[in-house]
Amino acid sequence: MLRMSSLLLRTLRDDPADAEVASHRLLVRAGYVRRIAAGIYSWLPLGYMTFRNIERVIREEMDGAGFQEVHFPSLLPKEPYERTNRWSEYGPELFRLQDRKKNDYLLGPTHEEMFTLMVKGEYSSYKDLPLSIYQIQAKFRDEPRPRSGIIRGREFIMKDSYSFDIDDAGLQTSYQAHRDAYVKTFTRLGLSFNIVSAQAGAMGGSKSEEFLAPCPTGEDTYVLCEKCGYAANVEAMVTKVDPYTGDTAPAMENFASPNTPTIDSLVDLMNATFGGGYTAEMTLKNILLMADDQPISVLVPGDREVDLKRLGANLKGVQDLRLFEEGDFAKRPGLVKGYVGPQDAKKLGLTLYADPRVVEGSHWVTGANIKDTHTRYVVAGRDFIVDEYIEAAEVRAGDICPECKTPVVIDRAIEIGHIFQLGRKYAQALDLTVLDKDGKSQVVTMGSYGIGVSRAVAAIAEQNHDEIGLIWPREIAPADIHIVATGRDDLPFDTAEQIAKECESIGLRVMFDDRRDASPGVKFKDAELIGIPFIVIVGKALADGKIEFRYRKSGEKVEISAEGAAKEIQTRVLA
RNA sequence: CGGGGCGUAGCGUAGUGGCUAGCGCGCCUGCUUUGGGAGCAGGAGACCGGGAGUUCGAAUCUCCCCGCCCCGACCA
């Protein structure tokens, strides 16, 4: 039994000055966590109980799926990370340190290397596979900007799993097993979430999905179709466009357009010159970039911007991507700033990437590659050839769902889990092979799967709170019921103690506010702030042989008989 | 790393050149109080983020450093 009289807990009346998001504010005010440094937090008893409850749920689901738990140190030698190149690729985000002999070490930001080596050390036959192993452990990343309390920390707890299979079919099965386990886990944690397709990005590999918990303070933006449930990371959003069915445009026609370097000014000019009806959507924007020292042009409809994040994620094999600068224009006099068009791309040595909306046969208004001149009736496929279609245009609410053509919404969320089909990248680099049926050496294929355990505490808090405090799902809460004794006499305290003991004996986890000196108001406020889902008040109503049972979430209050209260409480808690 | 803001007791804050750094919460002692963050009285707790400088005098002005928060860049 937790007793408020001796619990290491001090709730705060005022919001901490450095906390803005709800989860951070409430977790600090309710005495769950305290900040040690930017992105580094300690857990007080209530917080650690909550944390461990979440950890327990995750562990049960992982074990239930047949994954085996292992544990690695946080302090790791440099060598494995050098072999996969991540010692350098990870950059300043990696916490590095040296021992007394000046050997390099790191604090593990993620453990693909170590898991791969563990399997390599023990297994060498296809008969040993498939295998899925996991750990729950601290991760260290020197984030450029930790934020939102424990949502993005520099030290955080992660459950990371890795699957090992002999072939792609096996990887699919292992991936699906993790996906299923994650759905069960997050559902048990009381989180509402969407599974979105994502870009594998820096981790390499092919397929990847994120588990996103919608909440307004989340830092991930994603696209959701409310009709069919399609959900995607903005980077991975797919644009579906019908083939062009309009009239065939006449031949290209140049027209004078002095002082119209922007799309807006161009549209105004067109409407003035050609009698109205022109919109930014009918113009073609040519964004010039340098991709690893190769000039490229990205074509998007004039009413859209190029989303560099999307472009970067979808441009395969490009390390360095930047917009054209003055010097780049100077070196290529054929490209007239403000008047660039795709017509001469071949001649100018530009690779043409285009948004899927720039469909074969469609015609556009665009620059003429001549100062103060634009061209209309420029037809895709006739007047210029797109080298490659690419998802690079900004995504907007109202864009069309690629699955069911309904306008999508854009929402914010916290990333609570991420699953990857890694493939053979790490196995290859670290030489993890097993012998197959024919005695031939095969590189193992891997998956990696993560859940932010400490972040889940914040995500659950974000989705489960109100103005006055936290409201935990029962399984996560530090206790099932919060019993408050009020009054001056011994009777309510003795009765409450009795009820608390009975509740405990029938398996309920009890928090008992047994403080004699605190006023009822203080106790009620504290109970509401702490957020245990059921509050039992033993006080005034005792005169009629009653106690009060409150539902924290709805605020509903019912009086129940003090006699045999434990049974009644149990019934209501388990309902 | 760019932009903005902040640093005074455990927490929230006032004080913009002047004498002993003020208030609220919390904490300690006593009395009263006990169904919505009680009242009265007394008390403890601060090298005013650090260093250097200007000045008769610095929390306050100047410079440097450190730390923290927010927006952006970045990010399993």
Side-chain angles (χ1 to χ4, degrees), chain A residues 8-21 24-25 28-29 31 34-40 44 86 89-94 108-112 139-149 151-154 156 158-162 198-205 208-212 217 219-220 233 235 308-309 312-313 322 414-420 422 447-452 455 468-469 484-493 513 515-529 535 537-543 547-548 550 555 557 559:
Chain A
L8 172 51
L9 171 70
R10 192 105 297 155
T11 58
L12 306 177
R13 277 195 201 202
D14 301 308
D15 282 337
D18 61 0
E20 299 224 336
V21 302
H24 187 201
R25 227 179 49 227
V28 171
R29 271 195 61 201
R34 292 287 182 258
R35 191 178 61 73
I36 298 291
I40 303 177
L44 288 153
R86 290 212 288 190
E89 271 175 15
Y90 234 98
E93 230 177 283
L94 197 60
T110 170
H111 282 73
E112 279 78 5
K139 297 284 185 266
F140 299 84
R141 295 181 193 175
D142 196 356
E143 295 281 350
R145 182 149 93 86
R147 73 184 98 180
S148 309
I151 292 177
R152 176 175 290 281
R154 296 194 293 168
F156 58 99
M158 176 159 112
K159 187 289 300 177
D160 50 328
S161 315
Y162 304 84
Q199 292 297 125
M203 298 296 295
S208 154
E209 291 172 291
E210 291 177 358
F211 287 72
L212 298 182
T217 50
E219 52 180 1
D220 285 36
N233 198 307
E235 284 84 343
L308 288 176
K309 242 171 140 176
R322 61 171 175 82
I414 299 172
E415 181 185 343
I416 47 174
H418 202 153
I419 54 179
F420 288 97
L422 277 182
S448 91
Y449 317 89
I451 294 177
R455 178 180 284 183
I468 56 174
V484 176
T486 68
R488 216 179 351 191
D489 310 323
D490 291 340
L491 182 65
F493 286 85
D513 195 342
R515 292 175 293 177
R516 297 298 291 246
D517 50 352
S519 71
V522 169
K523 294 180 181 179
F524 296 155
K525 292 282 188 206
D526 276 348
E528 286 152 356
L529 180 60
I535 302 169
I537 295 161
V538 183
K540 260 189 169 167
L542 216 48
I547 61 171
E548 195 177 310
R550 292 187 187 176
K557 308 170 182 184
E559 288 203 332

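Reminder, nothing fancy here: chain letters follow the sequence lines and each chain counts from 1. What you see is a predicted model, and the numbers here were worked out from it, not measured in a lab.
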Which nucleotide sits closest to the side chain of [X]: [options]?
X      : options             : result
A:K540 : B:C69, B:G35, B:G24 : B:G35
A:E143 : B:C68, B:A38, B:C75 : B:C75
A:A38  : B:A73, B:C69, B:U34 : B:C69
A:R488 : B:G36, B:U34, B:G12 : B:U34
A:K525 : B:G36, B:U33, B:G72 : B:G36
A:R147 : B:C11, B:A73, B:G36 : B:A73
A:R10  : B:G26, B:G36, B:G35 : B:G26
A:R145 : B:A73, B:G26, B:G36 : B:A73
A:E20  : B:C70, B:G36, B:A73 : B:C70

Quickly work out the [X] [atom1] to [N] [atom2] distance and round it to whole Å.
X      : N     : atom1 : atom2 : result
A:R154 : B:G67 : CZ    : C1'   : 11 Å
A:I40  : B:C68 : CD1   : C1'   : 13 Å
A:F140 : B:C75 : CZ    : C1'   : 18 Å
A:R35  : B:G49 : CZ    : P     : 15 Å
A:D489 : B:U34 : CG    : P     : 10 Å
A:L94  : B:C75 : CG    : C1'   : 14 Å
A:R29  : B:C11 : CZ    : C1'   : 11 Å
A:R515 : B:G35 : CZ    : P     : 15 Å

> Relative to the 5' end of RNA chain B, which residue comes earlier, A:S148 or A:I537, by the nucleotide with the nearest heavy atom?
Replying inline: A:I537
> Taking for each residue the nucleotide of RNA chain B with the nearest heavy atom, is it A:G539 or A:K139 whose nucleotide lies nearer the 5' end?
Replying inline: A:G539
So what does [X] touch, heavy atoms closer than 4.0 Å: a base, only the sugar-phosphate, or nothing?
X      : answer
A:E219 : nothing
A:D160 : nothing
A:A541 : base
A:E528 : base
A:F156 : base

> With no hydrogens and no angle check, is any side-chain donor or acceptor of A:R10 less than 3.5 Å from a backbone partner on A:G31?
Replying inline: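 Answer holds: no.
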> Any donor and acceptor pair, going by atom type alone, linking the side chain of A:K159 with main-chain N or O of A:G452 inside 3.5 Å?
Replying inline: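 Pair absent, no side-chain N/O of A:K159 close to backbone of A:G452.
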>> Can you tell me if A:S519 touches the phosphate of B:U34, counting only side-chain N or O atoms and a distance under 4.0 Å to OP1 or OP2?
In response: no
> Can you tell if the side chain of A:I419 reaches within under 4.5 Å of the side chain of A:F211, non-hydrogen atoms only?
Replying inline: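 Of all side-chain heavy-atom pairs linking A:F211 with A:I419, at least one is under 4.5 Å.
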Paired with [N] by Watson-Crick or G-U wobble geometry, both distances under 3.5 Å: which nucleotide is it?
N     : answer
B:A38 : B:U32
B:G72 : B:C1
B:G45 : none
B:U62 : B:A52
B:C25 : B:G10

> Minimum heavy-atom separation for A:R154 to A:A38, with atom names?
Replying inline: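 Nearest pair, atom of A:R154 first, then A:A38: NE-O, 2.9 Å.
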If you measure from the [atom1] atom in [N] to the same atom in [M], how many Å do you get, rounded?
N     : M     : atom1 : result
B:U29 : B:C69 : P     : 36 Å
B:G18 : B:U34 : P     : 48 Å
B:C23 : B:A14 : C1'   : 7 Å
B:U54 : B:A73 : C1'   : 39 Å
B:G22 : B:G45 : P     : 13 Å
B:C70 : B:G36 : P     : 37 Å
B:G49 : B:G10 : P     : 13 Å
B:U20 : B:G5  : C1'   : 33 Å

> Under the salt bridge (charged side-chain N to carboxylate O under 4.0 Å, His left out) criterion, do A:E20 and A:R25 qualify, and how do the steps go?
Replying inline: CA-CA 6 Å; A:E20 299 224 336; A:R25 227 179 49 227; over 6 Å; no
>> If you apply the rule side-chain contact (heavy atoms from CB on, under 4.5 Å), what do you find for A:R29 with A:T11, and how did you get there?
In response: CA-CA 5 Å; A:R29 271 195 61 201; A:T11 58; over 6 Å; no
>> Taking donor-acceptor contacts at under 3.5 Å, does the side chain of A:R152 reach the base of B:C75?
In response: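 Check passes, donor-acceptor contact within cut-off.
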>> My understanding is that only one of A:I468, A:I535, A:T486 makes a side chain to side chain contact (heavy atoms under 4.5 Å, CB included) with A:F524; could you say which?
In response: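 Testing A:F524 for a side chain to side chain contact (heavy atoms under 4.5 Å, CB included) against A:I468, A:I535, A:T486 leaves exactly one candidate, A:T486.
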> Is it true that A:E143 and A:R145 have a side-chain N and a carboxylate O under 4.0 angstrom from each other?
Replying inline: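 A:R145 and A:E143: not salt-bridged.
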